[in-house]
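One structure is given here, and the rest of the page talks about it.
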Amino acid sequence: MSLLEARNLEKRYGGVHAVADVTFSVDAGERVALIGPNGAGKSTCFNLIGGQVRPDGGDVRLAGESLRGLPPRELFRKGVGRTFQITATFASMSVIENVQTALLSHHRQGLTPWTRATRQYRDEAAELLNQVGLADQAERSCAQIAYGDLKRLELAVALANRPRLLLMDEPTAGMAPRERHALMELVTGLVASSRMAVLFTEHDMDIVFGHADRLLVLDRGRLVAQGDPASVRQDPQVQAIYLGYDDPTAELSTA
C-alpha cells in the first residue's frame with residue numbers, strides 16, 4: 001500500500017472542471033513533483049490533498065485512512081506537514097519561537113498564564129532548527145532574516161509534527177538558484193533519514209528534474225502523464241501540451 005493515495009479526485013467550479021478523475025499515489029521515501037501549465041489544475045489538486053479545498057468526488061487516503069473533508073489542522077495532527085508558496089511565519093516572533101508554536105500545536109497544548117510558551121519544547125525546537133541549518137539564527141527575529149532562511153524556517157515548522165507526508169507548494173519560489181538547490185538537497189536528506197513522502201509543486205524545471213523521483217503532469221484538470229523524469233522528458237504529449245512545442249518529438253529542456 002502506498003502512503004498517499006488520491007483516488008478519482010474531482011472538483012468543479014461552476015461549469016469549470018478544475019480537477020477531473022485524478023488518481024495517483026506517493027510511496028514512503030519518495031519525492032513526487034506535481035507540474036503542469038498555468039490553469040492545469042495543479043493548485044486545486046494540491047489543495048484537495050492538503051485539506052484547503054473539499055473534493056466534489058473521490059477520496060484522499062493516508063496509509064489507508066480517508067482524509068476527505070478533514071481540515072488542515074486535523075491533517076497536521078495525522079502526520080501531514082505543509083509549506084506554502086508565500087512564507088507563513090510570525091514576523092514578530094523569533095525563529096525558535098515560531099518552531100515552538102508549531103510544537104505546542106502538535107502536542108495539543110495551548111498557551112496558559114502559568115507557563116511561559118518560550119520555555120516549552122525549546123530543545124526539540126532547537127533540534128529542528130539544527131536539521132534545517134538555522135541553529136545559529138534561533139534568537140533572531142523573523143523580520144530580520146533573509147528570505148531563503150525564512151523558507152528553511154517554514155520547513156522546520158512543517159517538520160514539527162514529524163510528518164509522514166510533506167506537502168510543499170512552490171518551495172523554491174523567490175529564492176536564488178543556489179538557495180533553491182540547497183533547500184531541495186536538504187529535503188532529500190530528510191527524506192532519506194525519515195522515509196517521509198514528499199509531494200511538491202514547482203515551476204523551476206531544473207528543480208523538478210533534479211530533485212523528483214517521479215513526475216505527475218496535469219493539463220486542463222486531468223492527469224496526462226506520470227513517470228520518472230527521463231520518461232516524462234521524452235513524452236510527446238508532455239512536450240506538446242506542457243511546453244507548447246510544435247514538434248512533439250523535441251527534447252524537453254530543463255533550462
Side-chain angles (χ1 to χ4, degrees), residues 2-27 30-62 67-68 72 75 80-88 151 154 158 165-175 180 183-184 187 197-229 231-233 235-245 252-254:
S2 295
L3 179 67
L4 172 69
E5 295 178 281
R7 301 178 179 177
N8 309 111
L9 284 180
E10 300 272 346
K11 186 63 185 179
R12 298 179 180 83
Y13 294 103
V16 178
H17 215 151
V19 174
D21 195 28
V22 169
T23 296
F24 64 86
S25 63
V26 182
D27 294 335
E30 188 178 29
R31 301 160 302 164
V32 176
L34 179 65
I35 64 173
N38 290 335
K42 58 185 181 296
S43 293
T44 300
C45 185
F46 201 74
N47 287 330
L48 290 173
I49 303 295
Q52 283 78 20
V53 175
R54 187 182 180 92
D56 294 324
D59 196 11
V60 177
R61 292 182 172 269
L62 184 69
L67 303 180
R68 178 169 175 161
L75 298 188
V80 179
R82 176 161 182 176
T83 68
F84 294 84
Q85 181 176 353
I86 300 174
T87 54
K151 287 284 192 177
E154 191 178 36
L165 170 66
L166 178 62
L167 304 175
M168 305 184 75
D169 187 7
E170 299 284 347
T172 70
M175 300 178 74
R180 294 176 186 179
L183 179 67
M184 295 308 293
V187 171
V198 176
L199 177 67
F200 68 98
T201 64
E202 182 59 62
H203 279 99
D204 186 325
M205 291 296 101
D206 281 339
I207 295 298
V208 168
F209 284 94
H211 298 280
D213 300 308
R214 189 159 52 88
L215 276 57
L216 308 169
V217 185
L218 289 177
D219 183 59
R220 300 179 184 180
R222 296 186 180 277
L223 188 62
V224 297
Q226 61 179 306
D228 62 79
S231 63
V232 170
R233 186 195 302 272
D235 188 296
Q237 189 174 14
V238 173
Q239 293 174 352
I241 296 176
Y242 181 63
L243 292 179
Y245 284 125
L252 181 61
S253 171
T254 62

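Note that this is a predicted model, so its numbers are computed, not measured. Sequence positions, counted from 1, serve as the residue numbers for this chain.
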Taking every non-hydrogen atom, the tightest pair across Ile49 and Leu75: O-CD1, 3.7 Å
Hey, which of Val224, Leu223, Leu34 is the one that makes side chain to side chain contact (heavy atoms under 4.5 Å, CB included) with Val217? Val224
Is the positively charged end of Lys11 above the ring of Tyr13, judged by distance under 6.0 angstrom from the centroid and angle within 45° of the axis? yes
Assess the residue pair Asn38 and His203 against the criterion (side-chain contact (heavy atoms from CB on, under 4.5 Å)); give the C-alpha distance rounded to whole Å, side-chain angles, the decisive distance to 0.1 Å, and a yes or no. CA-CA 10 Å; Asn38 290 335; His203 279 99; 3.7 Å; yes
Looking only at heavy atoms, which two atoms of Leu218 and Lys42 are closest? And how far apart? CD1-CA, 3.5 Å
Just by distance, no angles: are the side chains of Asp169 and Thr201 close enough, under 3.5 Å, to form a donor-acceptor pair? yes
What's the spacing between Cys45 SG and Leu199 CG if we round to 0.5 Å? 7.5 Å
Counting N and O atoms only, with roles assigned by atom type, does the side chain of Glu30 sit under 3.5 Å from a partner on the main chain of Asp27, one being a donor and the other an acceptor? yes
Hey, are the side chains of Leu215 and Pro229 touching, using non-hydrogen atoms and a 4.5 Å cut-off? yes
Measure the shortest side-chain to side-chain distance between Leu4 and Phe24 over non-hydrogen atoms and say whether it is less than 4.5 angstrom. yes
Minimum-distance pair of heavy atoms, taken over all atoms of Leu9 and Val19: O-CG1, 3.4 Å
One should read off an interatomic distance between Thr44 OG1 and Glu10 CD, to the nearest 0.5 angstrom, of 12.5 Å
Validation: residues 51-61 side-chain donor-acceptor distances under 3.5 Å, sequence neighbours left out:
| residue | atom | partner | partner atom | Å |
| --- | --- | --- | --- | --- |
| Gln52 | OE1 | Arg82 | NH1 | 2.5 |
| Asp56 | OD2 | Arg12 | N | 2.7 |
| Asp59 | OD1 | Ser66 | OG | 2.7 |
| Asp59 | OD2 | Arg61 | NE | 3.1 |
| Asp59 | OD2 | Ser66 | OG | 3.3 |
| Arg61 | NH1 | Gly64 | O | 2.7 |

Could you please spell out the steps behind the salt bridge (Lys or Arg N to Asp or Glu O under 4.0 Å) verdict for Arg214 and Asp228? CA-CA 4 Å; Arg214 189 159 52 88; Asp228 62 79; over 6 Å; no
Is the terminal nitrogen or CZ of Arg233 (NZ for Lys, CZ for Arg) located under 6.0 angstrom from the six-membered ring centre of Phe209 and within 45° of that ring's axis? yes
Phe200 vs Leu166 side-chain heavy atoms within contact, under 4.5 Å: no
So, taking the atom named CG in Leu165 and the one named CG in Leu3, what distance separates them when rounded to the nearest 0.5 Å? 6.0 Å
Show the nearest heavy-atom pair for residues Arg222 and Asp21, with the distance to one decimal. NH1-CB, 4.4 Å
dist Arg180:CZ -> His211:NE2 (nearest 0.5 Å) comes out at 11.0 Å
Considering all heavy atoms, the nearest Glu202-Asp204 contact: OE2-N, 3.2 Å
Restricting to non-hydrogen atoms, name the atom on Phe84 and the atom on Glu154 that form the minimum distance, rounded to 0.1 Å. N-OE2, 3.1 Å
Tell me, do Thr83 and Leu167 make a side-chain contact under 4.5 Å, heavy atoms counted? no
Side-chain touch Asn8/Val22, heavy atoms, less than 4.5 angstrom: no
Take atom CZ of Arg220 as the centre, draw a 6.0 Å sphere, and report whether it contains more than 12 heavy atoms from other residues, nucleotides or ligands. no
